[in-house]
Participant: 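One structure, as structure tokens, below. Some questions next.
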Amino acid sequence: MRIVTAVPATELSAEFIELPLDRIIDPYEGAYVLPVSAEMIPMLMDGIERGMAAKGLPCKVDAEGVQRLIVTPLGVREKTLQQIFDELQTVDITFEPKTHCIVVFDEERKRVVIYGPLARRFLVGDVLLGTDPFTVGRDPVTGKSRVPQQLQFRVSVRLLERAVPGRGGKYGVPGPEDQKTGITPPGSKGKVNISWSYSGRSGGLINEGEEVLNSADMADVLRHLWLRGMGPREVLAFCVVAKESSAVIAELGFNPKRVKVDDK
């Protein structure tokens, strides 16, 4: 995320720095996407206070909803607000979502990154992807209803077995300490049935298949489908459909209406 100061560099009489949280506005739908969720605001505030204290510049951070933070320096007299803000921009903060995953899209590398607890990455329902969700609704330029388009890569993921946590809630996924011992912890990642087909631009079938994957982890499912020919657009579409159908407990860290992917 990006934070910017609302206090001009020439303003030396103010006692605090306003940090509006940068967000993406959709002028056509009247919606916005926040860079962090409401549950992560306390983590951001605590991270700023800890980071600035480590620099010898103690600050108090308050939140105004989820749109703005107020940073007040405590007992700092030898530095201007601009100098404090310059230090503030160098603070590193690590976010650790507790109740859900956050799906982020890297437009440069054309990849999806999933942050959050392992337990929330598992599918809890079926996902059917055939129609491109980005073509549903109205055209943002003309305002006219669009005809939904079929994706070249279509897939049906049916949940066969839900993931079951073992002792320690590791779902059979080794942690760093387990890798040292070579022992796989108890638990299961679940199981899904995947049916997929890949068609050319003209509509002719190129390839298809049906397989059982011994994992209901959405990351494993997407990785498996990527190797079968799924492209960046279909990956994002899968994330959107999975969230909308409540098949996964996640939050989209990208705006589906503004993300750019290659047609190839």
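The chain is numbered in sequence order, starting from 1.
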Participant: Count the heavy atoms belonging to other residues, nucleotides or ligands that lie under 6.0 Å from CZ of Arg228, then report whether that count exceeds 12.
Facilitator: yes
Participant: Run Asn214 and Lys189 through side chain to side chain contact (heavy atoms under 4.5 Å, CB included) and show every step you take.
Facilitator: CA-CA 7 Å; Asn214 292 320; Lys189 297 174 71 174; over 6 Å; no
Participant: As an exercise, state the distance from CG of Leu225 to CG of Leu227, rounded to the nearest 0.5 Å.
Facilitator: 9.0 Å
Participant: Please tell me whether Phe122 and Val248 are part of a single hydrophobic cluster in this structure, the criterion being side-chain heavy atoms less than 4.5 Å apart.
Facilitator: no
Participant: In terms of hydrophobic clustering (I, L, V, M, F, W, Y; side-chain heavy atoms under 4.5 Å; direct or indirect links), are Leu118 and Val103 co-clustered?
Facilitator: no
Participant: To the nearest 0.5 Å, how far apart are OH in Tyr198 and CG in Asn207?
Facilitator: 10.0 Å
Participant: Would you say Thr131 and Gln149 are linked by a side-chain donor-acceptor pair, where the criterion is simply a distance under 3.5 Å?
Facilitator: no
Participant: Walk me through it: do Val192 and Leu160 pass the test side chain to side chain contact (heavy atoms under 4.5 Å, CB included)?
Facilitator: CA-CA 5 Å; Val192 296; Leu160 300 179; 5.6 Å; no
Participant: Specify the closest pair of heavy atoms between Pro73 and Ile84, including all atoms of both residues, with the distance to one decimal.
Facilitator: CG-CD1, 3.7 Å
Participant: Show the nearest heavy-atom pair for residues Thr184 and Gly172, with the distance to one decimal.
Facilitator: CG2-O, 3.5 Å
Participant: Is there a path of hydrophobic side-chain contacts, each under 4.5 Å between heavy atoms, that joins Val155 and Val240?
Facilitator: yes
Participant: Mind listing the closest non-hydrogen atom pair of Glu161 and Ala216 along with its distance?
Facilitator: O-CB, 4.3 Å
Participant: With a 4.5 Å heavy-atom cut-off, do Arg223 and Asp220 have their side chains touching?
Facilitator: yes
Participant: Taking Gly231's backbone N and O only, do any of them form a donor-acceptor pair with Glu234's side chain (distance below 3.5 Å, no angle check)?
Facilitator: yes
Participant: Counting N and O atoms only, with roles assigned by atom type, does the side chain of Asp132 sit under 3.5 Å from a partner on the main chain of Leu151, one being a donor and the other an acceptor?
Facilitator: no
Participant: Measure the OG-CD distance between Ser197 and Gln152 for me, rounded to the nearest 0.5 Å.
Facilitator: 11.0 Å
Participant: Applying side-chain hydrogen bond (donor to acceptor under 3.5 Å, both in side chains) to Arg158 and Ser195, what does each step give before you reach the verdict?
Facilitator: CA-CA 8 Å; Arg158 184 163 56 91; Ser195 300; over 6 Å; no
Participant: Taking Arg120 for its side chain and Ala250 for its backbone only, find out whether a donor-acceptor pair lies under 3.5 Å.
Facilitator: no
Participant: Does any part of the side chain of Pro133, heavy atoms only, come nearer than 4.5 Å to the side chain of Phe238, both counted from C-beta?
Facilitator: no
Participant: Please report the C-alpha distance between Leu236 and Arg233 in whole Å, then the side-chain angles of each, then the deciding distance to 0.1 Å, and finally whether the side chain to side chain contact (heavy atoms under 4.5 Å, CB included) criterion is met.
Facilitator: CA-CA 5 Å; Leu236 291 180; Arg233 190 177 188 87; over 6 Å; no
Participant: For the CG atom of Leu123 and the CE atom of Met218, what is their distance to the nearest 0.5 Å?
Facilitator: 7.0 Å
Participant: Side chain to side chain contact (heavy atoms under 4.5 Å, CB included) for Val241 and Leu128? Distances and angles first, verdict last.
Facilitator: CA-CA 8 Å; Val241 172; Leu128 179 62; 6.0 Å; no
Participant: Report yes or no: does Glu208 contribute a side-chain atom to a donor-acceptor pair with the main-chain N or O of Trp196 at less than 3.5 Å?
Facilitator: no
Participant: Can you name the closest pair of heavy atoms from Ala163 and Tyr171 and give their distance?
Facilitator: CB-CD2, 3.7 Å
Participant: What's the spacing between Ser199 OG and Ile206 CD1 if we round to 0.5 Å?
Facilitator: 7.0 Å
Participant: Out of curiosity, does Val127 fall in the hydrophobic cluster containing Val124 (side-chain heavy atoms, cut-off under 4.5 Å, transitive links)?
Facilitator: no
Participant: Under a 4.5 Å side-chain heavy-atom rule over Ile, Leu, Val, Met, Phe, Trp and Tyr, are Leu222 and Val173 clustered together?
Facilitator: no
Participant: Looking only at non-hydrogen atoms, find the nearest pair between Cys59 and Val71 and report the distance.
Facilitator: CB-CG1, 3.8 Å
Participant: Compare every heavy atom of Arg121 with every heavy atom of Ala219, then report the nearest pair and how far apart it is.
Facilitator: CB-NE, 4.1 Å
Participant: Nearest 0.5 angstrom please: Lys243 NZ to Cys101 SG, how far?
Facilitator: 12.5 Å
